[in-house]
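First the structure, in the form of structure tokens, and then the observations on it.
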Amino acid sequence: MKMVMAIIKPFKLDDVRQALADVGVQGITVTEVKGFGRQKGHTELYRGAEYVVDFLPKLKLEIAVGDNLVERVVEAITQSANSGKIGDGKIFVHALDQVVRIRTGETDADAL
């Protein structure tokens with residue numbers, strides 16, 4: 001089992017969600033986050049004053065999947081979140097040692 005964590009641009013959420021549904025993902029957790037990578041933020045004007053936006057709004061997706069789905073999930077996110085511009089995001093894959101469904105007590109693959 002793996003935890004796939006992706007950081008994406010907010011306007012790409014619907015495309016990514018649909019792509020994940022198409023490959024068989026049943027659950028996803030989405031969190032609004034802020035951060036920056038190579039973008040390093042940008043400068044904006046507000047009422048004539050210039051200020052720097054260091055942290056840009058992003059979405060963090062967390063998807064727990066079986067080992068058999070990992071490659072398809074990563075490919076689905078990569079294709080659907082790609083705008084071809086800097087700041088499209090990153091995908092991280094972590095090993096999951098244990099999963100427990102609280103309601104039923106099911107464990108590991110049965111809990112996914």
(request) Could you tell me which residues satisfy side-chain contact (heavy atoms from CB on, under 4.5 Å) with R17, sequence neighbours excluded, listed by chain and number? (result)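 side-chain contact (heavy atoms from CB on, under 4.5 Å) check on R17 returns D14.
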
(message) The criterion is side-chain contact (heavy atoms from CB on, under 4.5 Å); which residues satisfy it with K85, sequence neighbours excluded?
(response)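 Listed in chain order: K9, S83.
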
Cluster link [X] to [Y], ILVMFWY, side chain under 4.5 Å:
X   : Y   : answer
V99 : M3  : yes
L20 : V30 : yes
V93 : L59 : yes
I91 : I28 : yes

For residues [X] and [Y], report the shortest heavy-atom separation together with the two atoms involved.
X   : Y    : value
G24 : L69  : O-CD1, 4.3 Å
A64 : L112 : CB-CD2, 3.5 Å
I63 : G27  : CG2-O, 3.8 Å
P10 : P57  : CD-O, 3.5 Å

Out of curiosity, [X] [atom1] to [Y] [atom2], how far, rounded to the nearest 0.5 Å?
X    : Y    : atom1 : atom2 : answer
K12  : K58  : NZ    : NZ    : 12.0 Å
N82  : I8   : CG    : CD1   : 12.0 Å
Q98  : D108 : CD    : CG    : 6.0 Å
R101 : D110 : CZ    : CG    : 8.5 Å
I77  : D15  : CD1   : CG    : 12.5 Å

Other members of the hydrophobic cluster containing [X], with the 4.5 Å side-chain heavy-atom rule, please.
X    : answer
V33  : none
M5   : I7, F92
V100 : none

(message) Are L96 and V65 packed together at the side-chain level, in the sense that at least one heavy-atom pair is separated by less than 4.5 angstrom?
(response)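 Sidechains of V65 and L96: no contact.
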
(message) Could you check whether atom CD of E106 has more than 12 heavy atoms from other residues, nucleotides or ligands sitting under 6.0 Å from it?
(response)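 For E106, atom CD is crowded (more than 12 foreign heavy atoms under 6.0 Å).
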
(request) Go through the steps to decide whether L61 and L13 satisfy the test side chain to side chain contact (heavy atoms under 4.5 Å, CB included), and finish with yes or no. (result) CA-CA 9 Å; L61 313 179; L13 179 60; 3.8 Å; yes

(message) Tell me which pairs pass side chain to side chain donor-acceptor pair (under 3.5 Å) where either residue lies in residues 19-37, with sequence neighbours left out.
(response)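 Passing the test, one end in residues 19-37: Q18-D22.
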
